[in-house]
Amino acid sequence: MALFYKKNGASRRDRGEGKTAANWLGHDTRRGRLLETAEQFNLIQGLIAQALQLPVGHACRVVGLDNGTLIIAVPSAAHAAKIRQLTTTIHQLLVAKGQRVDQIRIKIQAGLKSAAITAASTPPVVSQALGEQARDALLELQQTTDNQQLADTLARILEKNQAKRQS
């Protein structure tokens, strides 16, 4: 049976060391280079996203930079075609910002999702119960409208509002 003793009574976790990935990566040169590469990719990806219009710019993911060849991953052939049209613009932008990029390659990765689409598709839902004046106005509109679809929609809204008020 082996017994384990702590040298000074406090574990690393207790002393607060290594709490962030950046702190952990900065402790030796090999991991430090990894952190520098990740920061460079993030910078290039941000520059591309700023320069290009939504959703094209935000669909790009920088996946490599090797000997001046920038490799950009995109989720579909349509995105790839658009990025190929804009490679000279991207190249000029990156060179102007001090990045050493000689060539740009595009890779299609079907499973890649656009950050703009995923962020925009799930907005936080904040719903509040209708005030008495708003509820009365909707009820009056529902009763006076000739449009049956509008009346049905207003009825559903009023039902949901009543359920919210009761819960």
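All values derive from a computational prediction rather than experimental measurement.
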State the [atom1]-[atom2] distance between [X] and [Y], to the nearest 0.5 angstrom.
X: Asn147; Y: Leu141; atom1: CG; atom2: CG; value: 9.5 Å
X: Ile104; Y: Ile71; atom1: CD1; atom2: CD1; value: 11.5 Å
X: Leu154; Y: Thr145; atom1: CG; atom2: OG1; value: 7.5 Å
X: Arg61; Y: Ile44; atom1: CZ; atom2: CD1; value: 14.0 Å
X: Gln109; Y: Ile72; atom1: CD; atom2: CD1; value: 12.0 Å
X: Leu150; Y: Thr144; atom1: CG; atom2: OG1; value: 9.0 Å

Q.
Tell me the closest heavy-atom pair linking Arg100 and Asn67, and the distance in Å.
A.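 The pair with the smallest heavy-atom distance is NH2-C, 3.9 Å.
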
**Q.** Heavy-atom closest contact (Ile108 atom, Ala77 atom, distance)
**A.**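 Here Ile108 and Ala77 meet closest at CD1-CA, 3.7 Å.
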
For [X], what residues pass the side-chain contact (heavy atoms from CB on, under 4.5 Å) criterion, not counting sequence neighbours?
X: Glu132; value: Arg135, Asp136
X: Glu36; value: none
X: Lys97; value: Leu47, Leu93
X: Arg156; value: Asp152, Thr153

Q. So, the side chain of His79 versus the backbone of Cys60: is there a donor-acceptor pair under 3.5 Å, distance only?
A.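 No.
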
Q. Is a side-chain N or O of Gln45 found less than 3.5 angstrom from the main chain of Val62, in a donor-acceptor match?
A.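 Flag set: sc Gln45 to bb Val62 pair under 3.5 Å.
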
Transitive ILVMFWY side-chain link [X] to [Y], under 4.5 Å:
X: Leu43; Y: Val101; result: yes
X: Ile83; Y: Leu65; result: yes
X: Val74; Y: Val63; result: no
X: Ile157; Y: Leu139; result: yes

Q.
So, using side chain to side chain donor-acceptor pair (under 3.5 Å) as the criterion, who are the partners of Gln40 when residues are at least two apart?
A.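 Gln40: side chain to side chain donor-acceptor pair (under 3.5 Å) contacts with Gln99.
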
Q.
Test of understanding: with side chain to side chain donor-acceptor pair (under 3.5 Å), list the residues that count as partners of Thr87, not counting sequence neighbours.
A.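 With sequence neighbours excluded, Thr87 shows a side chain to side chain donor-acceptor pair (under 3.5 Å) to no residue whatsoever.
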
